[in-house]
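What follows is a single structure, written as structure tokens, with notes after it.
Each chain gets a letter, A, B and so on, in the order the sequences are listed, and its residues count up from 1. Side chains are part of it too, since the values below use all heavy atoms of this structure and drop only hydrogens, waters and symmetry mates.
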Amino acid sequence: MRYITRVNYWLFKSEPREFSFDDLLKRPGKSEPWTGIRNYQARNFIRDAMQVGDKVLFYHSSTALPAVVGIAEIISKPYPDPLQFDDKSGYFDKGSPTDNPRWLAIDIKAVKKLKKEVTFEQLKKEPTLQTMRLVQRGNRLSVLPVTKDEFQTIVKLAGEEV
DNA sequence: GCCAACGTTGGC
DNA sequence: GCCAACGTTGGC
């Protein structure tokens, strides 16, 4: 049987005061369940496209200098986000049926911290990144698809080997 | 803290 | 199913 893998590329936003890339590096196995996604478009990306081995740009938002700061990788298949059933969680969703959960999570693992952060400002200035969803108007999704070219451009801007 | 963008909610 | 009100996101 032939085994075809197609790596996808993503950008995950996180507010560093809540959870930073350094926090991820400190986790056992440098991994963390990515829970709390409560947007249907983002949920659909997880459900329909994310797979083990996909690469993730880890982005710090709502901070003095928003920037891509690290690379991570998806290490699990999608699974029901447990927080939707936890009535003590801020992510509790009483409307989510247990037999057909509304919200999904995946696990990510840190691959490496970038030598240099790539700031939002840099991304906006980079001609080849003008079509990137992140730099376009009014984008509020916390999980975004990125093309392979965009991913590699950003890695280069960070002073890393591609 | 401001405010534009935009998703969600709920009355009708 | 329309649409105003409301809430959230996130750069600035």
- Task: Find out whether A/K113 and A/F21 are in side-chain contact, i.e. whether some heavy atom of one side chain is under 4.5 Å from a heavy atom of the other.
- Result: yes

Distances under 3.5 Å between protein N/O atoms and the N/O atoms of nucleotides 9-12 of chain C, please, pair by pair.
unit_1	atom_1	unit_2	atom_2	d
C/dT9	O3'	A/R140	O	3.4
C/dG10	OP1	A/K13	NZ	2.7
C/dG10	OP1	A/R140	O	3.3
C/dG11	OP1	A/Y59	OH	2.8
C/dG11	OP2	A/S62	N	3.0
C/dC12	OP1	A/K124	NZ	2.2

- Kindly indicate whether the side chain of A/R133, heavy atoms from C-beta on, has any atom under 4.5 Å from the side chain of A/L141. yes

- Quick one: pull up OG1 in A/T128 and CD1 in A/I154 and give me the separation to the nearest 0.5 Å. 8.5 Å

- Query: Which heavy atom of A/S76 sits nearest a heavy atom of A/V52, and at what distance?
  - Reply: C-CG2, 3.6 Å

- Message: Is any side-chain heavy atom of A/K116 closer than 4.5 Å to one of A/L157?
- Response: no

- Task: May I ask you to test the A/Q51-A/N8 pair for a side-chain heavy-atom distance under 4.5 Å?
- Result: yes

- Item | Sole candidate of A/I74, A/I46, A/L144, A/I106 that passes side-chain contact (heavy atoms from CB on, under 4.5 Å) when paired with A/W10 | A/I74

- Message: Just the rounded figure in Å: distance from P of B/dC6 to CD of A/Q136.
- Response: 10 Å

- In this structure, CG of A/L104 is separated from CD1 of A/I37 (nearest 0.5 Å) by 9.0 Å

- Within residues 87-104 of chain A, those residues having any heavy atom closer than 4.0 Å to DNA chain C are none

